[in-house]
Amino acid sequence: MDKTNISELFGSLVFDDREMRARLSEEVYASLKKTIDENVKLDENVADAVAEEMKNWAIEHGATHYTHWFQPLTGVTAEKHDSFIEPTADGGVVMEFSGKELIKGEPDASSFPSGGLRATFEARGYTAWDPTSFAFIKDHTLCIPTAFCSYSGEALDKKTPLLRSMQAINRQAMRILKLFGTEAKYVKTSVGAEQEYFLVDKQVFARRPDLKYTGRTLFGAMPPKGQEMDDHYFGVIKPRVAEFMEDLNQELWKLGILAKTEHNEVAPAQHELAPIYSTTNIATDSNQLTMEIMKKVAAKHGMECLLHEKPFAGVNGSGKHNNWSIATDTGINLLSPGETPYENAQFLLFLCAVIQAVDDYQDLLRLSVATAGNDHRLGANEAPPAIISVFLGEELTGILEAIKNDTSYQGKEEVKMKLGVHALPRFSRDTTDRNRTSPFAFTGNKFEFRSLGSSNSIACCNIMLNSAVAESLRQYADELEQAEDFQTALHDLIRRVITDHQRILFDGNGYGEEWIKEATEVRGLSNLRTTADAMPRLLDEKNKEMLIRHKVFTESEIHSRCEIMLENYVKTVNIEGLTMVDMVRKNYLPAMERYIFRLAQTTSLMREVSPNIKVNYEVSTMERLSELTDSILEAVEALEKALATFKTFENVFESSEFVRDDMLPAMDTLRKFVDEAEMLTSQRDWPFPSYGQLLFSVN
């Protein structure tokens, strides 16, 4: 594609607003647009007209099939393809697609996670068209974004509760805007999800069973050079990677995905892609597609795209920064300070809503990013700690401090912080410096939630964030709607919220041991280090009550998700443990034995030549490798015993605790011995590519 035609390329495989406006009648378009923009109920009478034009457009672009594209609780997307063809009486076929087929599908749901929401024999599930997310063409198939539910109506996907959370925050935000007299039809949250990833040569990747089975290296000694020099960060992009990025951009642009920024990240072989903002549910769809397309494009270039949060121990892990904001249909960013006192007061109230939400529901935000992979990343290289806190920057922190203490703000000018009477000074956005150790940072007109793992669906954290902020806004609206003096009540409310939730604000070094002690012992913040620690908190009464109150989840859906996420955690670690045993038994121990035997032969031959020949290297290496062989054998037997015990658990809460307390430590012990043995064994005898070969495989 000629680069001058990027404007024509962008969105060319999306049935977007441009296509709908051009192809649908004014009446049908207006009805559908109202559903998309204002979240009103879909008029089923327009479905046939939309389906006909959607089919015609898809066929013009080479599509022969359609699918209801959905996001089950597996963490990836799912699709079942049906062709457009229908038989005719004369033995031919016609291309048909009805409104009924557009609106609803019936995939077999028997093998998707349900967390007990249905029995195995209740296999039927339903997909329902989400008209707020545009249909698109992928691999000659019309993909229709849909929600996915069980036969009895419970949500079995990530899209449904995300849409519910967007409704919840819209409902409560509109109550607040009405009090301020701000004109708006609706409020929507927007997200830009930065995506980190690794690229390694496919041939080298293929020789690592742990990467193939688990997505991360379960063994591997550090190479002489890692990321110590910071020379890869923002460095010149290698030609092979640049070609990958160029192709990736074109594929994403065709699908209307606003990929904009690309660069080398900190670790060797690590890179990042950042998009422009889009509405949260569309951004979620786009990010799922981005991860899928990254892998496809990488394969075309002879590479493998690694999306695991910690594919290599000892170097930077991969995250996904969730840049979240909230705005009206008229374009007012409710997290932008504005230029007038009235706007500033409104901004401060929404700012307070986010601060309170993060404090009140820090456990929900933490568990929304909890996975076996992300447990290895949080608190490690270039990742925030497991403790959730909010970073505001020096100037905004000073403003809130002045409000809390009812004192003058010592900024550009001394101003008494009486909201609605004196102006909040307009402050520069660039003073909200990004604290790289903060999990939740204000960055001018948005919040950046940095705890997500690179393979996470962004739906999960945005469900919790939207819901928690909606709850703060609900409480504010209930109070302010009853106030006799709005301005006084507003001032008192903001001051109280700042005072009550001061503990969640932290601008210092999140990596320091002193912060962990202060956060947990002085401030009383949660430190949920692992998935096994975090996920059960979903069932806390305060969390269930809030999510049910805003109709984001039913109680049965909450219990099912807790069970599913914990099952995913324990199954992931179980697969890793089995892979370690397989590699040690079949490869590492035999390789060490062969090398020891070769050293023994060499030593014997050298001594035959002359008893004066020094064999210190050979003897000392054999002795240490022999000791390590015994240690590895003992460690692998201990891991095998743990894996056998794991099978005996029927309760997922008990099995997750066993994984955390017994299996993972056993795996760490085994790895320590194997990695030491790698440093003593010749590269010729070592069975798998080293870290150095992996990290520097793409030239």
Say whether, by atom type as modelled, one donor and one acceptor occur between the side chain of [X] and the main chain of [Y] under 3.5 angstrom.
| X | Y | answer |
| --- | --- | --- |
| Lys185 | Asp329 | no |
| Asn287 | Ala283 | no |
| Ser318 | Glu309 | no |
| Asp16 | Arg18 | yes |
| Asn374 | Val369 | yes |
| Glu53 | Leu24 | no |
| His140 | His65 | no |
| Tyr197 | Met294 | no |
| Glu19 | Ser12 | no |
| Asn568 | Ile564 | no |

Could Arg240 and Glu243 be called an ion pair, given the rule that one side-chain N must be under 4.0 Å from one carboxylate O?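 No salt bridge links Arg240 with Glu243.
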Below 4.0 angstrom, N of the basic side chain to O of the carboxylate: do Lys296 and Glu251 qualify?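 Glu251 and Lys296: not salt-bridged.
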What distance separates [X] [atom1] from [Y] [atom2], expressed to the nearest 0.5 Å?
| X | Y | atom1 | atom2 | answer |
| --- | --- | --- | --- | --- |
| Asp157 | Leu73 | CG | CG | 7.0 Å |
| Ile176 | Gln346 | CD1 | CD | 9.0 Å |
| Ile169 | Ser472 | CD1 | OG | 9.0 Å |
| Leu273 | Thr261 | CG | OG1 | 8.0 Å |
| Leu334 | Phe347 | CG | CZ | 10.5 Å |
| Asn281 | Asp130 | CG | CG | 5.5 Å |

Counting neighbours of [atom1] on [X] that are heavy atoms of other residues, nucleotides or ligands and sit closer than 6.0 Å, is the number greater than 12?
| X | atom1 | result |
| --- | --- | --- |
| Glu292 | CD | yes |
| Lys100 | NZ | no |
| Glu26 | CD | no |

Are any of the side-chain heavy atoms of [X] and [Y] separated by less than 4.5 Å?
| X | Y | result |
| --- | --- | --- |
| Met20 | Phe134 | yes |
| Leu367 | Met565 | no |
| Ile137 | Trp57 | yes |
| Asn316 | Glu265 | yes |
| Leu102 | Lys55 | no |
| Lys551 | Arg164 | no |
| Ser165 | His550 | no |
| Thr132 | Met166 | no |

Under the side chain to side chain contact (heavy atoms under 4.5 Å, CB included) rule, what do Leu307 and Lys295 come out as? Steps first, then yes or no, please. CA-CA 9 Å; Leu307 293 172; Lys295 286 187 166 292; 4.1 Å; yes
Starting from the C-alpha separation in whole Å, work towards a yes-or-no answer on side chain to side chain donor-acceptor pair (under 3.5 Å) for Thr127 and His68. CA-CA 7 Å; Thr127 49; His68 277 194; 2.7 Å; yes
Taking all atoms of both residues into account, what is the closest heavy-atom pair of [X] and [Y], and its distance?
| X | Y | value |
| --- | --- | --- |
| Lys188 | Ile36 | NZ-O, 3.1 Å |
| Phe136 | Pro145 | CE2-CG, 4.1 Å |
| Gln195 | Ser454 | NE2-O, 2.8 Å |
| Ser451 | Pro439 | OG-CB, 3.3 Å |
| Gly75 | Lys158 | CA-NZ, 3.9 Å |
| Met464 | Ser368 | CG-CB, 3.9 Å |

Could you point out which residue of Phe391, Phe440, Phe350 forms a ring-ring contact (aromatic ring centres under 6.0 Å, His included) with Phe447?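 Exactly one option meets the ring-ring contact (aromatic ring centres under 6.0 Å, His included) with Phe447, and it is Phe440.
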Which residues pass the side-chain hydrogen bond (donor to acceptor under 3.5 Å, both in side chains) test with [X], sequence neighbours left out?
| X | value |
| --- | --- |
| Asp285 | Gln71, Ser133, Lys159 |
| Asn264 | His271 |
| Arg171 | none |
| Lys202 | Glu304 |

Aromatic ring pairing His263/Tyr233, orientation class (parallel under 30°, perpendicular over 60°, tilted between):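 His263 vs Tyr233 ring planes: perpendicular.
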Can you label the angle between the Phe148 ring and the Phe70 ring as parallel, tilted or perpendicular, going by 30° and 60°?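 If you compare the ring of Phe148 with that of Phe70, the planes turn out tilted.
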Begin with the C-alpha distance, continue with both residues' side-chain angles, and end with the deciding distance and a verdict on side chain to side chain contact (heavy atoms under 4.5 Å, CB included) for Tyr476 and Cys352. CA-CA 10 Å; Tyr476 301 169; Cys352 284; 4.0 Å; yes
Output all residues satisfying ring-ring contact (aromatic ring centres under 6.0 Å, His included) with His81, sequence neighbours left out; order by chain, then residue number.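 In terms of ring-ring contact (aromatic ring centres under 6.0 Å, His included), with neighbours along the sequence ignored, His81 is linked to no residue.
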Residues in salt bridge (charged side-chain N to carboxylate O under 4.0 Å, His left out) contact with Lys33, at least two apart in sequence or another chain: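 So Lys33 forms a salt bridge (charged side-chain N to carboxylate O under 4.0 Å, His left out) with Asp17, Asp37.
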Pair Glu194-Asn323, side chain to side chain contact (heavy atoms under 4.5 Å, CB included): steps then yes or no: CA-CA 8 Å; Glu194 303 170 35; Asn323 294 281; 2.9 Å; yes
Go through the steps for Asn322 and Asn462 under the test side chain to side chain contact (heavy atoms under 4.5 Å, CB included), then give the verdict. CA-CA 8 Å; Asn322 189 83; Asn462 286 296; 2.9 Å; yes
